[in-house]
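Whatever order the structure lists ligands and atoms in, that order sets their numbers, starting from 1. Numbers for residues simply follow the sequence, beginning at 1.
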Amino acid sequence: MQLERLEVEIDGPVARVWLSRPEVRNAFDGLMVTELRKTLFDLGLADAVRVIVLGGRGPAFCAGADLAWMQATAGFTREENLREAQSLADLFFTVYTSRRPVVARVHGAALGGGAGLVAACDVAVAALGTRFGFTEVRLGLVPALISPYVLGKIGESAARELVLTGERFEAVRAQEIGLVRAAVPEADLDATVEERVRQLLQAGPHAIAEAKALLREVAGKRVEEIQRYTVERIADVRASPEGREGMRAFLEKRKPDWIA
Ligand code: COA
């Protein structure tokens, strides 16, 4: 696919996807949503890719939905309006359900859907000074599509305050509430992301995909309703080729075959 709104770099097992519409701070319109969804979906299925890093070109990670595009959708028929909303929902879901871990490299600003994209990623690292905000209510909108991911990351207490005020907050606060895992000087951002990537590459590729699915499935459930599922997961995974190899490698005091 010819990409107009993204740049993709493949570096061994690491795919770096850059939102590339810096003139509007990487605000996403319909084309960017389509490109990003398809790119992340395809990378999630590519055997050679084991970690995906998502970043933004220019001064900001992502200014959320392109408000000119959002405004246009308001004039659509209800059916078309729903279709556009569904395509954006599919983008967040693609990140969340990717078989590969997705690391957000966040700088400048992550607002509205941009903050939602951060929430949908597995691990997020931000540069100090990055402005975050669930600004939708200040625009007369609601953070509907991103709300499951935001609640999952920051919980109801912080979400009630930040979603209802729409206030902007800084990277340190984003770390305190769990939206990002680290807030570091911008000069250290790439090194911090690379360290996360290095850690993720230690994991078995099937195990990591299974673990992502496991966390999604178990989140919010009572032990009684989920225990059978958890029993089946460990039983299946420890009998899988990768599980056998990982345990054998440990006992033989060598690296497993997925570590080059
Ligand atoms: N949709 C459409 N255009 C946007 C945009 C968005 N979400 N965010 C920024 N832009 C445009 C601006 O209108 C401006 O266009 P112009 O050059 O034609 O005037 C351009 O991007 C640069 O924005 P500017 O505000 O001058 O850049 P900045 O670096 O000073 O600030 C932000 C960057 C992201 C902090 C600021 O643009 C902002 O607050 N954007 C709104 C983000 C938001 O609330 N998004 C929620 C959407 S639901």
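- For Glu9 and Arg57, the salt-bridge test passes: some basic side-chain N is under 4.0 Å from an acidic carboxylate O.
- Proximity to Arg131 (heavy-atom distance under 4.0 Å) selects the following atoms of ligand 1: 35 (C).
- Near Leu67, the atoms of ligand 1 lying under 4.0 angstrom from a non-hydrogen atom of the residue are 1 (N), 2 (C), 6 (C), 7 (N), 47 (C).
- Heavy atoms of Arg138 found under 4.0 angstrom from ligand 1: none, in either backbone or side chain.
- If you number the atoms of ligand 1 from 1 as listed, the ones under 4.0 Å from a heavy atom of Glu23 come out as 20 (C), 21 (O), 22 (C).
- For Ser20 and Glu7, the side-chain atoms include at least one donor-acceptor pair closer than 3.5 Å.
- A donor-acceptor contact closer than 3.5 angstrom is absent between the side chains of Gln202 and Trp258.
- The pair Lys255-Glu245 does not count as a salt bridge, with every side-chain nitrogen at least 4.0 angstrom from each carboxylate oxygen.
- With a 4.0 Å heavy-atom cut-off, ligand 1 is reached by the side chain of Arg168 but not by its N, CA, C or O.
- Among Ala68, Ala63, Pro143, the residue whose heavy atom lies closest to atom 40 (N) of ligand 1 is Ala63.
- The proximity of Thr135 to ligand 1, defined as any non-hydrogen pair under 4.0 Å, is limited to the side chain.
- Arg131 has no carboxylate O lying under 4.0 Å from a charged side-chain N of Glu170, or vice versa, which leaves the two without a salt bridge.
- With a 4.0 Å heavy-atom cut-off, ligand 1 is reached by the side chain of Ala27 but not by its N, CA, C or O.
- In the candidate list Gly58, Cys62, Ala65, Gly116, Ala65 is nearest to atom 47 (C) of ligand 1, counting heavy atoms.
- A cation-pi arrangement is not found for Arg173 relative to Phe132, the charged atom failing to lie both closer than 6.0 Å to the ring centre and inside a 45° cone about the ring normal.
- The heavy atom nearest to atom 22 (C) of ligand 1, out of those in Arg25, Gln71, Arg21, is found in Arg25.
- At a threshold of 4.0 Å, the pair Arg16-Glu194 counts as salt-bridged, since one of the basic side-chain nitrogens sits closer than that to a carboxylate oxygen.
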